[in-house]
Structure formats: structure tokens, C-alpha cells
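To keep things clear, I will list the structure first and then write my remarks on it.
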Amino acid sequence: MAAELTAHQLIAQHRPTLDLALETIRTRAYWSPHPEHPKAYGENGSLDMAAGKAAFDALSGTRLDLGQPGTDGWVGGEVSPYGIELGVEYPHADLDVLLPAMKAGQKAWRDAGAELRAMVCLEVLRRIADRTMEFAQAVMHTSGQAFMMAFQAGGPHAQDRGMEAVAYAYVEQSRTPDTAEWTKPQGKRDPLALTKRFTPVPRGIGLVIGCNTFPTWNGYPGLFASLATGNAVLVKPHPRAVLPLALTVQVAREVLTGAGFDPNLVALAAERPGEGIAKTLATRPEIRIVDYTGSTAFGDWLEANARQAQVYTEKAGVNTVIVESTDDYKGMLGNLAFSLSLYSGQMCTTPQNLLIPRDGIRTDQGAKSYDEVTADLARAVDGLLGDDARANALLGAIVNPDVKARLEAAAGLGEVALASREVTNPDFPDAVVRTPVIVKLDGAKPEDEAAYTSECFGPVSFAVAVDSADHAVELLRRSVREKGAMTVGAYTTDPEVEESVQEACLDEAAQLSLNLTGGVYVNQTAAFSDFHGSGGNPAANAALCDGAFVANRFRVVEVRRQA
């Protein structure tokens, strides 16, 4: 069948966008082709909010038939953290049939070259962007994010991260020329002459193991990095968050078919309840790349056991903020309150430990004691979330019972500076919504150390009293080295303290944010500019996104001929 999308059409449409992405990752400036305000949607063929909600609702009670080979049954059963059943069924795959079918299309995809692969990937992202409002509903009702966050993080921001991966993939593949004429002088004899051709070749099939909290934002970098470098990609979603990635696979298969490629280059591996196919898949010989976001325990298992594959993990860590001094006390409290509250702390970048000198801090409002800082922060969170409507818009819903259990147990770890309260969501009465808890601990007491040195994923933070700024930096160093950190924050007006914190983060490879008091928060990163994770501490072995994230997904094979 003739391709509906020719190479010329794809390049004409998407090459300007790729060029802008390439320029932006060079300059690290702000740029996004994906609007992050809902009012921008509903034009140029994209779905507006009402149409997106209708498209999402229409999925209930349907089978998302992807036309994959090897389908041996149907699976489903997702229940939204907001309390509704999604009612969508997905194909269950016989891997012995599906995996060989995925490999069959790789030769043509390899031979297409880096530029055309990038254009196809950008067409996939464009069609996803046209359905952003539908995807927002899917992300909201699988992750528990509030709608605005599900729209932004699950839509334009995820699409930006996917496009960023495509840009890096193109840079690394085009670093080596396609051909070269090689001539070596031999003095009086005839020179030695060779014609050389260099071809980026894929590793094999990439496996994306999706997460529950950010299925698209965390899934798209690995998916598009592997696809753009010539690999087929098998997407294994989290059992509670299948729909956003299943829709992604659906779009990718449609685009590949329309561009004249084998749709089985992208496929879905949904699982039956309790089947636990991630370990089986990750160790199969056909799987040569693994991208994973989730718990440290399983990430460590993948790194140790998926030996045949190149494994990229984003696991977890203990994120720390040092509070030593500030020239904007109100702004600092407001910024921290928002950071602790956003999506009920269910982000790998949410601060957990707030290291505060026990003798207090200097501020533009005078000296503040440790007790005053913790009490004022508690009041800031209370003020931010005091209105239930605003609280629901920021908190979303608790994603699973484990988070709720950790939240409830945290109150027994020390003196509670801010108690968690239950919030009712009038639109979704079955949603579990809780405000954050802040617990006071002492950094000099060994009995408190076990609490603040362990990750407590969810709306839990510890105000840890420390002896001094030096003590805070020492705890920071040890925490990042032993447990890892996706983010570090610091508030200080002292240049020596700032230098000490910066040196600690450079030594331990942790991403640092200093003195944030406005509309940028420590738990947010911008595609094309910020690096999410560093790959240099135990929280993650890769960064989103840099050259190292894509360069080892392919190898360059050389063919030499006598000229």
C-alpha cells in the first residue's frame, strides 16, 4: 500500500520544528510548540475541552483494538483515583508472536535514516497534541492528578519532553556523516583510498515500563528516544495507568502505517491482574533497551538483571531543601507551600526534608526561630489549601492505598507541625484527597535519622532541626550520596553557604535550585532547558534529556570499500 505521508511531506511540515528544537537545546532558552493553556485548544483541528471530555467518555465500554499480532485475550479493570471505572479493554499479547513481528519492520525503519525517523516521530507528537484534551482526561483518571496538571504535565509538557528526545536523537545520529572519502598519502606510491559509509543501527526492541503517576511525561522520553534511533518500542504500562500510553501506541501505529512503515514497530503489552510481566519482558533476549520510572527496588533489580539490555532508570531519592536565610520570607514560604502541596507530593521531585538550623534563620522580617519557621510554613500550606475548591485543584487525588498508608503513619514519627486533613471533592465523592503533613524531627538524634533518610513518597515532609549550615550541607551530601535526590533546593543570603551547597551538589551530581520565591518551583523542570535528574546519583542513572540518554540506543556500523 502506498504511503499516505511521503517523506517530502513529512520533512516540509516538521523540519522547521526540529530545527527550532535543535537550536533550543543548544541555547537552553525557553521554547515550546505546545500551548499550555486550555483556551489555545479547539483550533487547527485540535479538540477543545468539551470535545476531549466527550472523546474520553466515549472510550468507556470499548475495546481499544490496536490490530496487533498475537492478541490472545483482553484485559482491563482500571479504576480512577477519583472513583470511576474506566471500562476500557486492551489487547493481551502472546509475546512469542508479538516480539518477532516487531523485529520484522526494523530493517526498513533503520534504512529510513535519522531525518525521516525524526519527522515520523514529530508527526506522532503532532497528532497526540491534537488530542491533548482527551489525553488530559486519560492522565487525570489514571494518575489522580487534578485536571489542570493532567492537562499540562500529561499534555504539552510531556509532548515537549518527547520532542526533546527526538532532537537529541537526531543530534547524536547526525554527528557522524553518512559517507566519507578517505585518502592516505603514500609518498611516491599511489595513495590509499577508501569510500566509507556509516549507518546508525538500532540495538533491538526497546521496552518502556510505564509509571502510575506520570504515564506520558515519564514515558515519552524513552519511547521517542528509542523510536527515533531506529528501535522498535514495546510499551508496558502500569496496570493502573494503561489508557494514556495505549492511546499513544494507537496514534504511533496509525502514523507509521500512513508513512509506509510497519505499525508493529510500536506495540502495547498490557497485563492481566497480578501477571507481573515486567520482569519477564525485561530479561528476554529480544529486549535490548529498558526505560523505567518507579520504585528504587525494582529499578535496582532491572539494573542488576536485565544484563542483555541498556537500562535507563528514574527511581527515587530523598529530596532536600536547606533553609539557612532569605531576603523574601513570605515568598519563600509561599514557594515551599506550593511545592509541598502540588499533586499531593506524589512527584519524584517534591521536597521531603527541610533542613533548618535549630538556632533559627535570618530573614527580611527579622530573625525567625526553628519553631517559628515550621509554624509559619504550616500556616502557609493551610492558607494555600484552606479553600476546598483550590485544594482540590492543587492536590488531585491520592494515587494508591500505599501513599495513604505512608501519610497516616508519618504522624507517628515525631511532633506534627501540620496535620493532614481530608478534603471532599464534590465532583468525585469517592476520591481520596488529603492535605500534606509536616513532621518535626531532630537531625542530631539517631532515632529520627531512619525517618528522614528514607524516602516517604507522598504528601509527607520533615522539618529537620540541624546544628548549623555546615551540618545541613553534611546531611545533604550524605543523603544524596547514599539515597540519591532528583532535586535539591536552598535558601541563603550568605555567599559562603551558597558556595558550600553548590559544591556539594556538584560533587554528588544533584540538580540545585537556589532561592526560588516566585512562580518557578523546585519540583518543576522545563524541557529543552532543564535536566530532570542527573544520572550521577542513586535516584536515577540517566538524565532527561541529554546526549547520554540517546547515544547508546544505537551503534554506528561502518562499511569500507576500495575506492
Side-chain angles (χ1 to χ4, degrees), residues 28 218 292-297 299-300 302-304 311-325 336 339-340 345 347-357 441 443-444 446 448-457 461-492 494-516 520-526 529-549:
R28 317 308 296 181
N218 280 111
Y292 168 76
T293 300
S295 72
T296 298
D300 289 345
L302 287 169
E303 291 171 6
V311 178
Y312 299 89
T313 59
E314 182 197 312
K315 296 175 288 188
V318 177
N319 300 320
T320 299
V321 175
I322 293 176
V323 181
E324 188 272 337
S325 56
L336 283 174
S339 298
L340 299 180
M347 304 172 68
C348 63
T349 50
T350 300
Q352 175 178 301
N353 293 340
L354 310 174
L355 307 185
I356 307 167
L441 297 175
D448 285 356
E449 185 173 334
Y452 67 77
T453 58
S454 300
E455 188 205 13
C456 193
F457 183 77
S461 58
F462 301 114
V464 182
V466 295
D467 296 335
S468 62
D470 287 343
H471 184 205
V473 174
E474 175 194 339
L475 286 179
L476 169 67
R477 279 183 179 273
R478 181 154 55 91
S479 175
V480 176
R481 184 182 306 125
E482 296 176 0
K483 302 294 185 178
M486 294 299 293
T487 56
V488 172
Y491 290 90
T492 181
D494 186 324
E496 291 186 4
V497 173
E498 180 177 318
E499 178 67 17
S500 181
V501 174
Q502 181 174 292
E503 280 302 309
C505 289
L506 291 173
D507 287 346
E508 306 300 336
Q511 309 294 12
L512 172 64
S513 297
L514 288 166
N515 298 317
L516 298 182
V520 175
Y521 304 94
V522 67
N523 40 359
Q524 297 174 321
T525 58
S529 186
D530 293 325
F531 293 107
H532 177 73
S534 71
N537 68 64
N541 72 0
L544 305 180
C545 184
D546 60 9
F549 185 68

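Note that the numbering runs from 1 along the sequence shown for the chain.
Contact record, Thr525 with Phe531: CG2-O, 4.3 Å, taken as the closest heavy-atom pair. Of all heavy-atom pairs between Ala485 and Val480, the closest is CB-CG2, 3.9 Å. Considering all non-hydrogen atoms of both residues, Gly484 and Pro538 come closest at CA-CD, 3.7 Å. Shortest non-hydrogen contact noted between Leu340 and Pro351 is CD2-O, 3.6 Å. For the residue pair Phe457 and Cys348, the shortest heavy atom distance occurs at CE1-N, 4.2 Å. The shortest heavy-atom contact between Gly533 and Ala543 is O-CB, 3.4 Å.
Here CD of Glu499 is found 11.0 Å from CG of Asp494. Values are rounded to the nearest 0.5 Å. Taking CD of Gln524 as the start and CG of Asp530 as the end, the distance is 10.0 Å to the nearest 0.5 Å. We find the CD-OG distance between Gln352 and Ser461 to be 8.5 Å, quoted to the nearest 0.5 Å. Expressed to the nearest 0.5 Å, how far CZ of Arg478 lies from OG1 of Thr453 amounts to 7.5 Å. Note that CG of Leu512 and OG of Ser534 are 12.0 Å apart. Values are rounded to the nearest 0.5 Å. For the atom pair CD (Glu474) and OG (Ser479), the distance works out to 12.0 Å, reported to the nearest 0.5 Å.
Residues Val501 and Leu476 have side chains in contact (heavy-atom distance under 4.5 Å, counting atoms from C-beta outward). Side-chain contact between Val321 and Tyr491 is present, with at least one heavy-atom pair separated by less than 4.5 Å. Annotation: side chain of Tyr292 is not in contact with side chain of Val311 (no heavy-atom distance under 4.5 Å). At a threshold of 4.5 Å between non-hydrogen side-chain atoms, the residues Thr349 and His532 count as touching.
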| said: Determine whether Ile322 and Thr492 satisfy the following criterion, side-chain contact (heavy atoms from CB on, under 4.5 Å), listing intermediate values before the conclusion. | reply: CA-CA 8 Å; Ile322 293 176; Thr492 181; over 6 Å; no
| field | Candidate pair Leu475 and Val466, rule side-chain contact (heavy atoms from CB on, under 4.5 Å), full reasoning | value | CA-CA 9 Å; Leu475 286 179; Val466 295; 3.7 Å; yes
| Are Phe549 and Leu544 close enough, and set up right, to give a side-chain contact (heavy atoms from CB on, under 4.5 Å), and what steps lead you there? | CA-CA 7 Å; Phe549 185 68; Leu544 305 180; 3.5 Å; yes
| task | Go through the steps to decide whether Glu503 and Arg477 satisfy the test side-chain contact (heavy atoms from CB on, under 4.5 Å), and finish with yes or no. | result | CA-CA 10 Å; Glu503 280 302 309; Arg477 279 183 179 273; 4.3 Å; yes
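Within the structure, salt bridge (Lys or Arg N to Asp or Glu O under 4.0 Å) pairs that include any residue of residues 315-324 comprise Asp300-Lys315, Glu303-Lys315, Glu324-Arg362 (at least two apart or interchain).
Thr350 is linked by a side chain to side chain contact (heavy atoms under 4.5 Å, CB included) to Met347, Asn523, counting only residues two or more places apart in sequence or in another chain. In terms of the side chain to side chain contact (heavy atoms under 4.5 Å, CB included) criterion, residue partners of Thr293 (sequence neighbours excluded) are, by chain and number, Cys211, Asn218, Glu314.
A side-chain contact (heavy atoms from CB on, under 4.5 Å) with Val464 holds for exactly one of Leu355, Leu354, Val323; it is Leu355.
Judged purely by atom type and a 3.5 angstrom limit, Asp448 has no side-chain atom pairing as donor or acceptor with the backbone of Leu441.
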